[in-house]
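The figures that follow rest on heavy atoms only: side chains count, while hydrogens, waters and symmetry mates do not.
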Amino acid sequence: MTRRLILLRHGQTHYNATMRMQGQLDTTLSEQGHKQARLAAEVIAYRHPFALYSSDLQRARKTADAIGEVTGLDVHADSRLRETNLGQWQGMSHLEVDQQWPGARAMWRSSPQWAPPGGESRLDVAVRTRSVVDELVDSEDWGDKHPVVMVAHGGAIAALAAALLELSVETFPLFNGLGNTAWAQLSAHDRGADTVSESPAAVPPTTEAAESIRWRLDSWNVAPHLENR
């Protein structure tokens, strides 16, 4: 049996449009974000998802609600799928952060163990988000053709994907963030004779069932087209 997981970023917010750091601030979707969510829902519905999960922050939850309306699925909100807590950076523009903490954003992007002042690291995010997926592997009977959809945030999804793919600390910052309502798909296969990387995973599996499978990346930053819609 092959489990498929779709990790979808929420629709655009005014903070996204103005390049401000949101983190765990509970920001709302812009008009464009609502449009993106409705279009993404139409596309995701063709995949006949098995279950629908979401961060409890409203920009993700409203995006997930749009999918739920089309698919008939209930949305299971989980605070562990929230975006990175950016501490003192939350609410600031990229320029303001760069002026007050020169070089810090580059450090944050390149080092998964580094955290913004008062915030959490990407490894912290990977640990809490991975626990959601590992619990689902234990409890949900995924079918071969029906994915689980999780609606979350760009940074959280990148951290989760790196954790599921068992990347090492050195390669953990591999993924760029997703566009609004873009998604990644991963598939889980029986580990069998799969070899384990010589570099230890930054975030290892947390349950026995999760240890028995190996996640693979099928696609990254896939998005429905908004032109002429």
Side-chain angles (χ1 to χ4, degrees), residues 5-41 44 49 51-71 73-94 96-97 105 108-109 112 115-136 148-164 175-184 203 221 223:
L5 176 64
I6 293 175
L7 304 174
L8 185 142
R9 188 186 178 199
H10 60 80
Q12 184 198 72
T13 68
H14 295 292
Y15 272 56
N16 294 143
T18 56
M19 299 185 67
R20 302 192 77 82
M21 310 287 278
Q22 294 175 105
Q24 294 189 0
L25 296 178
D26 202 8
T27 56
T28 60
L29 294 178
S30 65
E31 181 179 348
Q32 176 75 344
H34 283 289
K35 180 179 180 181
Q36 291 172 331
R38 291 191 296 269
L39 181 55
I44 292 295
L52 179 59
Y53 289 80
S54 174
S55 159
D56 63 342
L57 296 177
Q58 62 177 312
R59 59 189 184 270
R61 180 58 193 265
K62 291 296 184 183
T63 304
D65 285 343
I67 298 172
E69 289 175 6
V70 177
T71 61
L73 293 172
D74 293 329
V75 179
H76 304 282
D78 195 315
S79 62
R80 290 175 293 176
L81 294 175
R82 288 183 178 186
E83 181 58 293
T84 311
N85 183 339
L86 295 178
Q88 295 180 36
W89 292 2
Q90 293 185 163
M92 301 179 71
S93 69
H94 293 184
E96 289 169 340
V97 172
R105 280 202 307 126
W108 171 59
R109 293 188 181 283
E120 61 182 341
S121 72
R122 291 175 181 266
L123 283 183
D124 294 331
V125 179
V127 169
R128 62 172 164 81
T129 54
R130 170 151 201 165
S131 67
V132 180
V133 177
D134 287 352
E135 288 173 12
L136 287 173
V148 168
V149 176
M150 289 186 176
V151 184
H153 310 266
I157 290 173
L160 174 55
L164 292 176
F175 295 110
N176 289 324
L178 300 173
N180 289 118
T181 62
W183 64 85
V203 182
N221 213 20

>> Looking at Ala182, is its backbone amide N or carbonyl O close enough to the side chain of Asn221 to form a donor-acceptor pair, meaning the two atoms are under 3.5 Å apart?
In response: no

> Do Asn180 side-chain atoms and His10 backbone N/O form a donor-acceptor pair below 3.5 Å?
Replying inline: yes

> Do the side chain of Gln88 and the main chain of Pro116 share a donor and acceptor less than 3.5 angstrom apart?
Replying inline: no

>> Before you tell me yes or no, could you show the steps for Val148 and Tyr53 under side chain to side chain contact (heavy atoms under 4.5 Å, CB included), namely the whole-Å CA-CA distance, both residues' side-chain angles and the distance that decides it to 0.1 Å?
In response: CA-CA 8 Å; Val148 168; Tyr53 289 80; 3.9 Å; yes

> Given side chains that start at C-beta, do those of Leu39 and Thr181 come closer than 4.5 Å, heavy atoms only?
Replying inline: no

> Can you check salt bridge (charged side-chain N to carboxylate O under 4.0 Å, His left out) on Glu69 and Arg38, steps first, answer last?
Replying inline: CA-CA 9 Å; Glu69 289 175 6; Arg38 291 191 296 269; over 6 Å; no

>> Go through it in stages, so that I can follow the logic: the residues are Ser30 and His14, the test is side chain to side chain contact (heavy atoms under 4.5 Å, CB included), and I'd like the CA-CA distance, side-chain angles, deciding distance and then a yes or no.
In response: CA-CA 6 Å; Ser30 65; His14 295 292; 3.8 Å; yes

> Just checking, any donor-acceptor pair under 3.5 angstrom between side chains of Thr27 and Arg59?
Replying inline: yes

>> Using salt bridge (charged side-chain N to carboxylate O under 4.0 Å, His left out), reason through Arg128 and Glu120 one step at a time and then give a plain yes or no.
In response: CA-CA 11 Å; Arg128 62 172 164 81; Glu120 61 182 341; 2.6 Å; yes

>> Could you check whether atom CG of Asp26 has more than 12 heavy atoms from other residues, nucleotides or ligands sitting under 6.0 Å from it?
In response: yes

>> Nearest 0.5 Å, please: how far is CG in Leu73 from CG in Asp65?
In response: 12.0 Å

>> Set out, in order, the CA-CA distance, both residues' side-chain angles and the distance that settles side-chain hydrogen bond (donor to acceptor under 3.5 Å, both in side chains) for Ser121 and Asp124, then state yes or no.
In response: CA-CA 5 Å; Ser121 72; Asp124 294 331; 3.2 Å; yes

> What distance do Leu164 atom CG and Leu5 atom CG have between them, rounded to the nearest 0.5 Å?
Replying inline: 6.5 Å

>> Ignoring hydrogens, what is the shortest heavy-atom contact between Trp183 and Leu178? Give both atom names and the distance.
In response: CA-CD1, 4.1 Å

>> Main chain of Gln12, side chain of Gln36: is a donor-acceptor contact present, judged purely on distance under 3.5 Å?
In response: yes

> Do you know the tightest heavy-atom contact between Ala66 and Ala37?
Replying inline: CB-O, 3.8 Å

> Looking only at heavy atoms, which two atoms of Leu29 and Gly11 are closest? And how far apart?
Replying inline: CD2-O, 3.3 Å

> Does any N or O in the side chain of Asp56 come within less than 3.5 Å of the main-chain N or O of Arg82, such that one atom is a donor and the other an acceptor?
Replying inline: no

> Counting only N and O atoms by type, is there a donor-acceptor contact under 3.5 Å from the side chain of Gln58 to the main-chain atoms of Thr28?
Replying inline: no

>> With side chain to side chain contact (heavy atoms under 4.5 Å, CB included) as the criterion, how do Leu52 and Val151 come out once you've worked through the C-alpha distance, each side chain's angles and the decisive distance to 0.1 Å?
In response: CA-CA 8 Å; Leu52 179 59; Val151 184; 4.2 Å; yes

>> If only side-chain N and O atoms count, and only distance matters, is there a donor-acceptor pair under 3.5 Å linking Thr13 with Asn16?
In response: yes

> Which heavy atom of Val75 sits nearest a heavy atom of Ser54, and at what distance?
Replying inline: CG1-CB, 3.7 Å

> Between Met150 and Val133, is any pair of side-chain heavy atoms under 4.5 Å apart?
Replying inline: yes

>> Show the nearest heavy-atom pair for residues Ala41 and Val70, with the distance to one decimal.
In response: CB-CG2, 3.9 Å

>> Using a 3.5 Å distance criterion without hydrogens, assess whether the side chain of Gln90 forms a donor-acceptor pair with backbone atoms of Gln24.
In response: yes

>> For a quick test of reading the model, state the closest non-hydrogen atom pair linking Met21 to Trp89 and the distance between them.
In response: CB-O, 3.4 Å

